[in-house]
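Shown next, in structure tokens, is the structure this report addresses.
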Protein chains: 2
Amino acid sequence: MILEAAASVFDEQGYDRATIAEVLERAGVTKGALYFHFASKEQLALAVLEEQVIDIAVEPQPIKLQEFVDSGQVLAYRLRSDPIQRGAARLAVEQGSNHLDRKQSMLSWSVFVEGLLNEAKARGEVMESIVVRETAELFVGAFAGLQMMSQAFTNRADLSRRLTVFFEHTFPSIAVPAILAKLNLDSERGAQLDAAMQGKTSATAGMDAAAS
Amino acid sequence: MILEAAASVFDEQGYDRATIAEVLERAGVTKGALYFHFASKEQLALAVLEEQVIDIAVEPQPIKLQEFVDSGQVLAYRLRSDPIQRGAARLAVEQGSNHLDRKQSMLSWSVFVEGLLNEAKARGEVMESIVVRETAELFVGAFAGLQMMSQAFTNRADLSRRLTVFFEHTFPSIAVPAILAKLNLDSERGAQLDAAMQGKTSATAGMDAAAS
């Protein structure tokens, strides 16, 4: 609750203008409760950035590159409304006056993408010529810019489509042809996967409630 | 002189923390002189953003896509040290508290790229399947993110290389094969072209001086 409140303040105000007072008001908690968990504004920001990567976990797919596509599309979709994702995105992009290490967020995402691409390569889905680290960092850097552009133009309503365009332009250089032909790059996929995941969560929550 | 001073303050402090007083001090001009040209901090910022696109003009090339590559590499190179480019980049990326229209800078770049790609397509250099507007906006958005990542990691020392990786991943989907084989995507090209342009400018300046 505190993290979501903090993330929404960071999203709207940026790091510099965000105040602990506003976070307290939105979260509806006392100063003591907040400081018990987070000693400073900086710690709040770091916690929001950490939460971001943990949040994106999609269903395993027979084609590993499809899982990679799916993660990207779910993230693109959630950046439209999920406070954690939106707050983290602004923190990761802006320098501000703070000494928040902007590298950390980009490094975490690069490691995540690199892991997926390495698995895909081990399965023979990715062309031999691909240097996984380079490709992973290309995806992370380019995505950061695309979500920024999409936010400025349409408050991220067209981000899924922009991501599909990015995939369409790059996958012919990355995936072996037999895999390329099978990938689903559809820009509606993020919304569909998110709905399926939410459904599953509520179903599980329902079962838990029934069991208790 | 005022614009360069303002751009360097925007680069280091961001829009919110930049002050007219600091711009005056760096430019070494009086308040009256500055306000004669720029009525506010916002106007200074807009002028820096406008200056950015005008600044990138490369030599015509037999292959239009090579001109496009060259523009990108010259920009990547200049973002390392040119105050106007650096200041404008930070202004274009950060939301800040201001009402500066971040879209304007991205739109100007998109129009610039779209123009080059349309010419290239008219010459048969670009695949028929390419939707020029989409591809142009992909380049602009992705570049914004790549320069940001490169700044966070290496103060933009590796931006030329990151741009080459981006070109290598996308041009096989954009250029027809006969053109693709002839493109020079080398990451040293920006530095070389910039040196050639600087040499030409000083040579012309020399001639002007001799003539006067």
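No experiment lies behind these values; they were computed from the predicted model shown. What you see below is based on every heavy atom in this structure, not just the backbone, and it leaves out hydrogens, waters and symmetry mates.
Looking at every heavy atom in both residues, B/Ala88 comes nearest to B/Val48 through N-CG1, 3.7 Å. Nearest heavy atom pair, residue A/Val23 against residue A/Ile2, reads CG1-O, 4.1 Å. Residues A/Leu49 and A/Ser105 come closest through the heavy atom pair CD2-CB, 3.8 Å. Residues B/Ala152 and A/Met106 approach most closely at CB-CE, 3.8 Å, considering heavy atoms.
Atom CD of B/Gln61 has more than 12 heavy atoms from other residues, nucleotides or ligands within 6.0 Å. In B/Gln43, the CD atom is crowded: over 12 heavy atoms of neighbouring residues, nucleotides or ligands sit closer than 6.0 Å.
A/Glu12 pairs with exactly one of A/Arg86, A/Arg17, A/Arg26 by the salt bridge (Lys or Arg N to Asp or Glu O under 4.0 Å) rule, that one being A/Arg26.
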Please list, one pair per line, the donor and acceptor atoms closer than 3.5 Å that link side chains of residues 27-34 of chain B to other protein atoms, with sequence neighbours excluded.
from    : atom 1 : to      : atom 2 : distance (Å)
B/Thr30 : OG1    : B/Ala33 : N      : 3.2

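Of the two parts of B/Leu138, the backbone and the side chain both hold a non-hydrogen atom closer than 4.5 Å to a non-hydrogen atom of chain A. With a 4.5 angstrom heavy-atom cutoff, B/Gln147 does not touch chain A via any of its atoms. Using a 4.5 Å cut-off between heavy atoms, A/Ile174 contacts chain B through its side chain alone, with no backbone atom that close.
At a heavy-atom cut-off of under 4.5 Å, chain A is reached by B/Ile130, B/Glu134, B/Thr135 from residues 115-135 of chain B, listed in order of number. The interface of residues 153-172 of chain B with chain A, defined by heavy-atom distances below 4.5 Å, comprises B/Phe153, B/Arg161, B/Arg162, B/Val165, B/Phe166, B/Glu168, B/His169, B/Thr170, B/Pro172.
Remark: A/Arg189 pairs with A/Asp70 by the salt bridge (Lys or Arg N to Asp or Glu O under 4.0 Å) rule, at least two apart or across chains.
Counting heavy atoms from C-beta outward, B/Leu24 and B/Ile20 have side chains that approach closer than 4.5 Å. Side-chain contact check for B/Phe10 versus B/Lys41: some heavy-atom pair is nearer than 4.5 Å.
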